[in-house]
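Written out below as structure tokens is the structure these notes cover.
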Protein chains: 2
Amino acid sequence: MQKSKIRNMQEFSALTGLSRPTVSKYFHDPESVRQSTRARIESALAEHDFRPNIYAINQNRSLTKNVGIVVPYLADPFFAELARQIEQCCLERGYRPTLFSAHGDPKLETDILDNLRSLKPAGVLLAPLGRASDRKAIEAFCADVPTVLFDSGIEDVGLAFIGSDSPQFADLMVDYLCRTGELPCFFEMKTPSNPNANRRRAGYIAAMERLGHVPRIVSVPGTGWAFEDIGWREGIAAIDARAFETGTVLCSNDRLAIGFIRACFEKGLKVGRESSHDIRVAGMDDHPLARFTCPPLTTVAQDYDAIARQSVDVLFRAVSGETVSHEVRQFEGRLVLRDSA
Amino acid sequence: MQKSKIRNMQEFSALTGLSRPTVSKYFHDPESVRQSTRARIESALAEHDFRPNIYAINQNRSLTKNVGIVVPYLADPFFAELARQIEQCCLERGYRPTLFSAHGDPKLETDILDNLRSLKPAGVLLAPLGRASDRKAIEAFCADVPTVLFDSGIEDVGLAFIGSDSPQFADLMVDYLCRTGELPCFFEMKTPSNPNANRRRAGYIAAMERLGHVPRIVSVPGTGWAFEDIGWREGIAAIDARAFETGTVLCSNDRLAIGFIRACFEKGLKVGRESSHDIRVAGMDDHPLARFTCPPLTTVAQDYDAIARQSVDVLFRAVSGETVSHEVRQFEGRLVLRDSA
DNA sequence: TCAAAAACTTTGCGCGCGCAAAGTTTCCAT
DNA sequence: ATGGAAACTTTGCGCGCGCAAAGTTTTTGA
């Protein structure tokens, strides 16, 4: 396999003695050419190591193997992990995923969608920013490109919405917390960046009322995606202000909880479920690091695997011609009992 | 701005009454066409909302605005954050970054590089997997495409290496720990995935010897990128085996430390620098979540911003014609004193 | 005012490849 | 052997756009 200056398929095909389209056919499916032809190509390949230009391929293909994956904030380990699993699913099925992060910026999200059109993707998996998203832009995009929304849905937009059953998450945890100790207060950002926060609050309220309790919500200021920081700073402020009427705090998500646990630590509040502890703290998501707080965080686990697998599944079913009516699939959460609550 | 079926620049230029190349010129630089021409294009644009296909552009451009960013494992918040900053730097300079993660897989890393050639990037910023990388593939790639290595270098490969001064990291922390308490043991993975681990161990050994102490290294088994998990499980095992000869543990990186702190918590060891505590724990990196352990983690901060900025800077200097001799820039770490040590 | 210079626009070709239709070879049953 | 289908290969054109050279218009200077 020597260094070579093969610039394109034409040049490569020349030194096999075959025509370019035949070689092209081989690259599309090695089995589709005669055995003798295949051997000639592969021996040439062994010496010259040519690879077709993937973007030129996709420019002309009627159906490409490209898949776009868009998440709102990739530096959030939750999305990083989910994106990773989705990428793997796509690769396993022989597709070419490309990952994009909106970095929390609606403008960037729209730009990404615009660029994605140029990629001519077979389909797109999109976790929208949520409230901040340019809804019209997303609708327009979904009308043009087969798109599955995941994590956060927009009513009747896209082929499907695959995510978690946010109210059920809250319900599950509220039920557990009420059964086992003091009633939970709900700790959240007043203007949350992540899109499921409102549904979680609603779920909390509904669950509390169902059990005959008065919801107690502590909404704190803060914008952006530095949730741990907000959980910490505003957690301290809330503790100082005696904002929590009970000794149990349900955080809107694990990252907030991670920050809040540090706040408790600093204020000398011992977190845990034993009666010797001062406060119980729970989160939601089963963030990759939720197992590593001290004490480890009790939370409701998102089914990463099911969301990834199902999203990819629905997308490829639709792409391969199956007519799919707008499907909504919200996986239930699983209570993960650790020591924090 | 009505929905339109403009498929390409030709169609678009037709309804402005101009030729396609003129419109192309406009998209390349709106100032480069006559004011009256520009007005015509922009009014047409207002009605039909056309955007050139970015991949078709890059197929033909002699110098594209594409930049490839490759990291070894994107679900690691350290790389996610570094990649995010690099992306921002590229965007600010009018380039189009595309992010790739090797997901810890050398084969995937090579595939990514091969695909990157098709993108015809102006340049690539690559944080290699390290020892696991296919060194030849990387060398060959760097010979063809202007590439800056960051985080982890390969001798004399690429335009430059921009990273951190790993030995200095260890030196800084060892010095601090020795000054303020018991001598530090070094806690690391025997076969680490992340590439700087060996240099950190070497730095630890050198620093200890410089200060006249005997290095004490605890190397634990474990593969892959679930460092917290390894730090936790193997941390417990090491504590049980009384592997640490002193009450101070310097972890090879923050993620390991996060796991190890949980191990301490479970074993009832109070982590902290006061004499009332049982053990001091320190890390390296200033991982995004290092501030949120309990107690917050004392560590050596990588200069994310400098690494991102400098990498992008060197790359674009080289891309814009400046001849750059292989530059190595290793930023010093900054001691971040928190409460864990 | 008018020719030369500058600024701008258009023509024609190429990038690397997919695709359909046309041409060729191979295979098999008769 | 032979005709015809099946399998395979080639021809010709198109994708959406950049680029250089050629053509056109506008600006400049004496």
Side-chain angles (χ1 to χ4, degrees), chain A residues 4-42 44 48-66 96 114-122 144, chain B residues 4-42 44 48-66 96 114-122 144:
Chain A
S4 56
K5 289 101 195 166
I6 311 292
R7 297 247 156 269
N8 54 40
M9 199 180 279
Q10 179 66 60
E11 280 183 36
F12 177 75
S13 67
L15 48 84
T16 66
L18 299 165
S19 73
R20 183 182 58 73
T22 300
V23 173
S24 166
K25 206 160 180 302
Y26 165 83
F27 279 112
H28 184 65
D29 175 12
E31 311 266 323
S32 69
V33 299
R34 197 174 299 160
Q35 195 51 246
S36 59
T37 306
R38 179 172 174 179
R40 279 163 71 183
I41 295 177
E42 287 180 345
H48 295 277
D49 186 34
F50 164 76
R51 298 186 61 154
N53 182 309
I54 209 166
Y55 295 96
I57 291 178
N58 289 322
Q59 183 167 42
N60 303 324
R61 246 216 183 72
S62 45
L63 264 81
T64 75
K65 288 284 190 180
N66 288 334
R96 246 188 50 78
D114 279 330
N115 284 337
L116 266 175
R117 293 171 193 265
S118 298
L119 236 190
K120 300 189 179 176
D144 295 345
Chain B
S4 55
K5 290 101 197 166
I6 311 292
R7 297 248 155 269
N8 54 41
M9 198 180 280
Q10 179 65 61
E11 279 184 34
F12 177 75
S13 67
L15 48 84
T16 67
L18 299 165
S19 73
R20 183 182 58 73
T22 300
V23 174
S24 165
K25 207 160 179 303
Y26 165 84
F27 279 111
H28 183 66
D29 175 11
E31 310 266 320
S32 68
V33 299
R34 199 174 298 160
Q35 195 48 246
S36 58
T37 306
R38 179 173 174 178
R40 279 163 72 183
I41 294 176
E42 288 180 345
H48 295 278
D49 187 34
F50 163 77
R51 298 186 63 153
N53 182 310
I54 209 165
Y55 296 95
I57 291 177
N58 289 324
Q59 183 169 42
N60 304 324
R61 244 211 185 64
S62 45
L63 265 81
T64 74
K65 288 286 191 179
N66 287 335
R96 247 188 50 79
D114 280 329
N115 284 338
L116 266 175
R117 292 171 194 265
S118 298
L119 236 189
K120 299 190 178 175
D144 295 344

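So that the names make sense, note that chain A is the first sequence line, chain B the second, and so on, each numbered from 1. Any value given below was found using the heavy atoms of this structure, including those in side chains, with hydrogens, waters and symmetry copies removed.
Comparing atom distances between the A:P21 side chain and each of C:dC8, C:dC13, D:dG12 picks out D:dG12 as nearest. Side chain of B:M9, nearest nucleotide from D:dC17, D:dT25, C:dT26: D:dC17. When distances run from any side-chain atom of B:N53 to the nucleotides C:dC8, D:dT9, D:dC17, the shortest one goes to D:dC17. When distances are taken from the side chain of B:R20 to each of C:dT9, C:dC17, D:dC17, the shortest belongs to D:dC17.
Residue B:S62 places at least one side-chain N or O under 4.0 Å from the OP1 or OP2 atom of D:dC19. Taking only side-chain nitrogens and oxygens, B:S24 comes nearer than 4.0 Å to OP1 or OP2 of D:dG18. Taking side-chain N and O atoms only, B:T22 has no distance below 4.0 Å to OP1 or OP2 of C:dC8. Phosphate proximity of D:dT9 to A:S19: absent, as no side-chain N or O sits under 4.0 Å from OP1 or OP2.
Between the B:S24 side chain and the B:R20 main chain, no donor and acceptor come within less than 3.5 Å of each other. When atom types are taken as modelled, the side chain of A:K25 and the backbone of A:V33 share no donor-acceptor pair closer than 3.5 angstrom. When atom types are taken as modelled, the side chain of B:T64 and the backbone of B:K120 share a donor-acceptor pair closer than 3.5 angstrom.
For the pair B:R96 and B:Y55, the cation-pi criterion (under 6.0 Å, within 45° of the ring axis) is fulfilled.
Between B:S32 and B:K120, the one whose closest nucleotide on DNA chain C sits nearer the 5' end is B:S32.
Counting any heavy atom pair closer than 4.0 Å across all strands shown, B:S118 reaches no nucleic acid atom.
Residue A:K25 contributes atom NZ, which lies 13 Å from atom P of C:dA20 at whole-angstrom precision. Atom OH in B:Y26 sits about 18 Å away from atom C1' in D:dG18, given to the nearest Å. One interatomic measurement links the two molecules: CG of B:L18 to P of C:dT11, which rounds to 12 Å at whole-angstrom precision. Between B:D29 atom CG and D:dC19 atom P there is a gap of 13 Å when expressed in whole angstrom units. Taking atom CG on A:N115 and atom P on D:dC17, their separation rounds to 13 Å, with Å as the unit. C:dC13 atom P lies 19 Å from atom CD of B:Q59, rounded to whole Å. Across the protein-nucleic acid pair, A:Y55 atom OH and C:dG18 atom P stand 15 Å apart, rounded to whole Å. B:I57 places its CD1 atom 17 Å from the P atom of C:dG16, with the value rounded to the nearest Å.
One donor-acceptor pair, N or O on each side, does fall under 3.5 Å between the base of C:dG16 and the side chain of A:N60.
Residues B:Q59 and A:Q59 have side chains in contact (heavy-atom distance under 4.5 Å, counting atoms from C-beta outward).
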